[in-house]
Protein chains: 2
Amino acid sequence: MDERVPRDFETLRATILDRRETLPKRIAQIAAYALDNPDDIAFGTAASIAASAGVQPSTLIRFAQQLGFDGFTSLQQVFRERLRERNSSYDERLQALRAKADAGAGHRAIFDGFVAAASTSLNDISRTLDEAHLEDAISLLAKAETIYVLAKRRSYPVASYIAYALGKLKIRNQLIESAAGLNAEMVAFATPADAVIAISFSPYAPATIEEARTIAEQGVPIVAITDSSFSPLAQFAKVWFEVAEADFAGFRSLSATMALAMALTVGVGEKRRSTSRKRKA
Amino acid sequence: MDERVPRDFETLRATILDRRETLPKRIAQIAAYALDNPDDIAFGTAASIAASAGVQPSTLIRFAQQLGFDGFTSLQQVFRERLRERNSSYDERLQALRAKADAGAGHRAIFDGFVAAASTSLNDISRTLDEAHLEDAISLLAKAETIYVLAKRRSYPVASYIAYALGKLKIRNQLIESAAGLNAEMVAFATPADAVIAISFSPYAPATIEEARTIAEQGVPIVAITDSSFSPLAQFAKVWFEVAEADFAGFRSLSATMALAMALTVGVGEKRRSTSRKRKA
DNA sequence: TAAAAAATGAGACAGACATTCCATTTCAGA
DNA sequence: TCTGAAATGGAATGTCTGTCTCATTTTTTA
């Protein structure tokens, strides 16, 4: 029996793959089943798992013992821990990583922190997204002649991705950048037949707010992505989304905003296609 | 007893929060514990959970029954399902969502798809990231006088975020954009004392490759983020990262790339700070 | 091919499990 | 303060659990 008992799932997985060749037939059968259906191992009983895998419960225990565990139960712990860790309230993980990074725990910790922040944000938004708002926003944008995309500073990467994606979908759009210093003129072109996607988070870039105000006063409908109902953008917008991004090391994630932005973009593309099909029919 | 038994965790959670006020003391105690420690409910036994929550096992069962379940076991199923779903090989989930979206399942499905794609990518990268490469890349970039950031098209949003973050950290950087049409000149300024972060995924934007080649020939070290060892960027780079982003509806996620980019950026910031502290000492 | 060793199947068994039941306590309303 | 109902604690119960043992089969070795 091995002295080194695999404590975490990845090690266990590696060990199993390593020994795959040398394992007895029935044991190998369970090994394959375990790697294919780790969730079943985590939640099932020895009897139910054995039945699913087509072996006797005793074989399951022999499998566990062969790997160095003292029984099925301790093997199962590893599979359960895996689910716990992967899931484990990303918030907690994030906090732990923040503390770790503050203590100067190296660059891997920083990386893990950004991954955790992104995951937290994604979890959050998929829980809180208002489906009706999504529908409204997409309808509104799908009717627009030109979609203006408005965002600066931290939100600018999202805007540029939206513009890229709209372009690829052949949807007319205009990114309002500051480079040329012609924003006021560009904004003036927008009419109520157009629409705007505006993105801004606290501290709201003054230029974004100003341009959003102007454009709203021209009667152009705005879809806003922002971070709270107190956001100035929320006031100007026909539809607005609240997106709470987790931050790490002073930088907020963009993952949730990106996901929402892409859903809007592709949603508009779909809607236009189905509408034009109807018109032809 | 209620006819409408909450089948999924979110509904259950909402139901509990809704009734919180009207629940008897001990039952409320479990309710609070259940929402705070959902993992314990998923994995524990009625006895162990009851002990942790400071109540009798029988109370736990009454809690379950009050919610419309016929016993603790069926309540537990919901908590287990939650872990299963959240984790469940995001790949599978993604595939299911892709099929669903293809069948025209509405805009929520599209959104879920982008969230799943982002989560998959994040899971992937945190499993496969090479720590040594991360260290190498950060050392290399921390020594640079100016960090040039090079990316077009789909990767451009990442580049613009890197530029934003470097700016906030007061690290000299230059984003190589195409707007002004002066890329060749900008690239020519780079010297071996500088460094480049280049990002490109298949199909590689020809301009990125060309500029990367030129700049590499000038002896400027390149850190590349790309998608395979066959990438032309990998050849020019001193250090390169392989990032596999999942795609949805024809658009690849950027989450993993973003996380890596932020880790590089903040890592460089940290490294510089600790180095300058050493110099002073 | 024969003998030894390893692997397997199937049932037995003790312990832990969720659940139920009932006595006791707490609470609400008059 | 009294009374009935609701809530609670704690032990009893029957089922199901993981593990063990041992007879049988398969594989390996000489």
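As the structure is a computational prediction, the values presented were derived from the model and not from experiment. Residue numbers start from 1 in every chain, and the chains themselves are labelled A, B, ... in the order their sequence lines are given, proteins ahead of strands.
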Salt bridge (Lys or Arg N to Asp or Glu O under 4.0 Å) for A:R84 and B:D40? Distances and angles first, verdict last. CA-CA 9 Å; A:R84 259 205 158 89; B:D40 289 358; 2.7 Å; yes
Select one nucleotide: of D:dT8, D:dT19, C:dT19, the one nearest the side-chain heavy atoms of B:P24. D:dT8
Between B:F63 and B:F69, ring centroids under 6.0 Å: no
Reckon A:Q76 has a side-chain N or O less than 4.0 Å from the OP1 or OP2 of D:dG18? no
It should be established whether A:T45 places a side-chain nitrogen or oxygen under 4.0 Å from OP1 or OP2 of nucleotide D:dC16. no
Sugar-phosphate only, base, or nothing, as touched by B:I27 at under 4.0 Å among non-hydrogen atoms: sugar-phosphate
B:I61 atom CD1 is separated from D:dA7 atom C1', nearest whole Å, by 15 Å
Comparing nearest nucleotides in DNA chain C, the 5'-proximal residue of the pair B:T73, B:K25 is B:T73
Using whole Å, what does the distance between atom P of nucleotide C:dG9 and atom CZ of A:F63 come to? 15 Å
Nearest-Å distance, CG (A:L60) to P (D:dT19)? 9 Å
Between B:E245 and B:T257, is a side chain to side chain donor-acceptor pair (under 3.5 Å) present by the stated rule, with each step listed? CA-CA 8 Å; B:E245 296 271 12; B:T257 315; 2.6 Å; yes
Expressed as a whole number of angstroms, how long is the span from A:R26:CZ to D:dT24:C1'? 14 Å
Rounded distance in Å - CZ (A:R62) to C1' (C:dG9): 8 Å
With a 4.0 Å cutoff (strictly under), does any side-chain N or O of B:Q65 reach OP1 or OP2 of C:dT19? no
B:F72 CZ to C:dC17 P, in whole Å, measures 11 Å
Checking only heavy atoms, does the side chain of A:S58 share a donor-acceptor pair with the base of C:dA10 at less than 3.5 Å? yes
Salt bridge B:R82-B:D39, side-chain N to carboxylate O under 4.0 Å: yes
Whole-Å distance between C:dA16 P and B:F43 CZ? 21 Å
Looking at every heavy atom in both B:I27 and B:Q66, which two are closest together, and how far apart are they? CG2-OE1, 4.3 Å
Rounding to an integer number of Å, can you tell me how far B:L23 CG sits from D:dA6 P? 16 Å
Taking only side-chain N and O atoms of B:Q56, does any of them lie within less than 4.0 angstrom of OP1 or OP2 on D:dG10? yes
